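Take a look at the structure set out below.
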Amino acid sequence: RTAIGILVTIVNLSTIGFSQERSAREAGSPQLFPPGVVVESVVRGRQGEKLGVRQGDIMLRWSRGNKHGVIRSPLDLTYIAIEEASRGPVTVTGMRGPRRRKWTFNSDSWGFRARPRLIGRDLRTYQHALELSAAGKPAEAAGLLALVAENTEKTNPSWTPSWLLLRSAMLLFYAGDWSGANDRLLKAIEISKAAGPMVQAELFRQWGVVLDYRGRPEQAFESYSQALLKAKELGSETMMVANLQLSLGAVDLERNDSE
C-alpha cells in the first residue's frame, strides 16, 4: 500500500469550529462556496502537525519554484502532494483567522484532512452529518452528505458534489452497505466529468485506498486501474501515474496471496 497522500477515512469524525466560515450570505442556500479548503483534522506526529497546521486553517494557494496554482478542492491537495511535493518543497499559503499563514511541505505524508469551505445551510447540514457519524450513525450521516451534494450540484464546480458523494460512499461502505456505496461513487464519477481527468483520477484513487484498507483487493485493483487510465490523460510520465502503478503492484500481490 502506498503511504503517499492524505489518508481518506471517515471514522470518528469530530466537529470543528467554523467561526471563519460565517458570512452575511449564510441565510440562503444553495450558494457558491469561497475558494480554498478548510483543515478538518491533523494527524498527530505527521508533517502537518510539525509545521504548525491547525484545525480550521484555510489553505488557498500552492507554489513550487516557478509553478503555482489555486487550491480549489480537497482533491487538489492529494494530487499536489503526489505530483509536486515529490519533485521539491511545496509552499502552501492561506489564512488563520485574519492572519496570513505559510507552510512548506515535502514529499512525506502531509497528515491532515480538509473539506470545502461550505457556508450557510450546507455547512450546518454537513456539520450535523459529522455529529451523526461520530455518534455511530454512518448511514444517516451519508444521507445528509448526499443531500448537501444534491444542493450544491447546480451552483458549485462539479468537484464539490463529487467530493461530498465520495465521503457519503465511504460512510455507507463502513456501515456495510457495499451496493449503496458503489452506486454513490459511480454518481460522483459521473457528475465529475466536467471537472476533468485529475478529479476523476483522484476519486478512483481514494476509493481504491479505502477498498484496499478494508481488505477488498479485487475491487481496489479495479479502482486503481480506472484511476490510472484517467491519470494517463494528463500525461504518461507523471508522479501520479508512477504512484498508481506502485499501488496496483502492491494490490496485485495481495490478490495473488489470497488465491
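Keep in mind that what you see is a predicted model, and the values were worked out from it rather than measured.
One finds the CG atom of D212 at 11.5 Å from the CD atom of E218 (value rounded to the nearest 0.5 Å). We find the CD-CZ distance between Q55 and R113 to be 9.5 Å, quoted to the nearest 0.5 Å. Note that CD of E131 is 5.5 Å distant from CD of Q127, once rounded to the nearest 0.5 Å. In this structure, the separation between OH on Y174 and CZ on R214 is 6.0 Å, given to the nearest 0.5 Å. Note: Y79 OH to L234 CG = 5.0 Å, rounded to the nearest 0.5 Å. One finds the CG atom of N156 at 11.5 Å from the OG atom of S162 (value rounded to the nearest 0.5 Å).
Nearest heavy atom pair, residue R184 against residue A146, reads NH1-CB, 3.7 Å. Across A114 and L77, no two heavy atoms sit closer than the pair CB-CD1, 3.7 Å. Minimum heavy-atom separation, G94 to W103: N-CZ3, 3.9 Å. Heavy-atom minimum distance, L203 versus A188: CD1-O, 3.9 Å. The nearest pair of heavy atoms linking A149 to P161 is O-CB, 3.4 Å. Of all the heavy atoms in V70 and D76, the pair that sits closest is O-OD2, 3.8 Å.
A donor-acceptor pair under 3.5 Å is formed between the side chain of D57 and the backbone N or O of R54. Looking at E202, its side chain never comes within 3.5 Å of a backbone N or O of L75 through a donor-acceptor pair. Remark: side-chain polar atoms of E83 are paired, donor with acceptor, to backbone N or O of M240 under 3.5 angstrom. Side chain of S158 to main chain of A195: a donor-acceptor pair is present (N/O by atom type, distance under 3.5 Å, no hydrogens or angles). Between the side chain of S133 and the backbone N or O of A129 there is no donor-acceptor pair closer than 3.5 Å. Judged by distance alone, with hydrogens and angles left aside, the side-chain atoms of E84 form no donor-acceptor pair with the main-chain N or O of R64 at under 3.5 Å. Using a distance-only test at 3.5 Å, with no hydrogens or angles considered, no donor-acceptor pair links the side chain of Q200 to the main chain of K230.
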(Q) Let's go through R115 and L123 carefully: what are the C-alpha distance in whole Å and the side-chain angles of both, what is the deciding distance for side-chain contact (heavy atoms from CB on, under 4.5 Å) to 0.1 Å, and is it a yes or a no? (A) CA-CA 11 Å; R115 63 161 177 82; L123 173 58; 3.9 Å; yes
**Q.** Working for side-chain contact (heavy atoms from CB on, under 4.5 Å), residues L248 and L228
**A.** CA-CA 9 Å; L248 278 167; L228 182 60; 3.6 Å; yes
(Q) side-chain hydrogen bond (donor to acceptor under 3.5 Å, both in side chains) for S107 and S86? Distances and angles first, verdict last. (A) CA-CA 5 Å; S107 59; S86 58; over 6 Å; no
Q: Evaluate side-chain contact (heavy atoms from CB on, under 4.5 Å) for M59 paired with V53, printing each intermediate quantity in order.
A: CA-CA 10 Å; M59 298 188 168; V53 176; 3.9 Å; yes
Q.
Before you tell me yes or no, could you show the steps for V43 and E49 under side-chain contact (heavy atoms from CB on, under 4.5 Å), namely the whole-Å CA-CA distance, both residues' side-chain angles and the distance that decides it to 0.1 Å?
A. CA-CA 7 Å; V43 180; E49 184 189 50; over 6 Å; no
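Between L164 and S168, the closest side-chain pair of non-hydrogen atoms is not below 4.5 Å. By the 4.5 Å heavy-atom criterion applied to side chains, V199 and W163 are not counted as neighbours. Side-chain atoms of Q47 and N106, non-hydrogen and from C-beta on, do get closer than 4.5 Å to each other. Between Q219 and Y224, the closest side-chain pair of non-hydrogen atoms is not below 4.5 Å. Within the 4.5 Å cutoff, side-chain heavy atoms of R205 are placed close to those of T78. For the pair W159 and P116, the minimum side-chain heavy-atom distance is below 4.5 Å. Proximity of K232 to V241: side-chain heavy atoms (C-beta onward) are separated by under 4.5 Å at one or more points. Residues L165 and I191 are in side-chain contact: their nearest non-hydrogen atoms beyond the backbone lie under 4.5 Å apart.
Grouped with L172 in a hydrophobic cluster is no other residue, since no side-chain heavy-atom contact under 4.5 Å to another Ile, Leu, Val, Met, Phe, Trp or Tyr is found. If you chain together ILVMFWY residues whose side-chain heavy atoms come under 4.5 Å of each other, L144 ends up grouped with L132, L147.
Aromatic ring centroids of F105 and W62 lie 6.0 Å or more apart.
Identified under the ring pair (Phe, Tyr, Trp, His ring centres under 6.0 Å) test for residues 132-158, with sequence neighbours left out: none.
The number of heavy atoms from other shown groups lying within 6.0 Å of CD (E233) is above 12.
The closest side-chain donor-acceptor pair between T160 and T152, if any, does not fall under 3.5 angstrom. Defined by atom type and a distance below 3.5 Å, a donor-acceptor pair is present between the side-chain atoms of S109 and R46.
Cation-pi geometry between R216 and W178 is met: the NZ or CZ atom falls under 6.0 Å from the ring centre, inside 45° of the normal.
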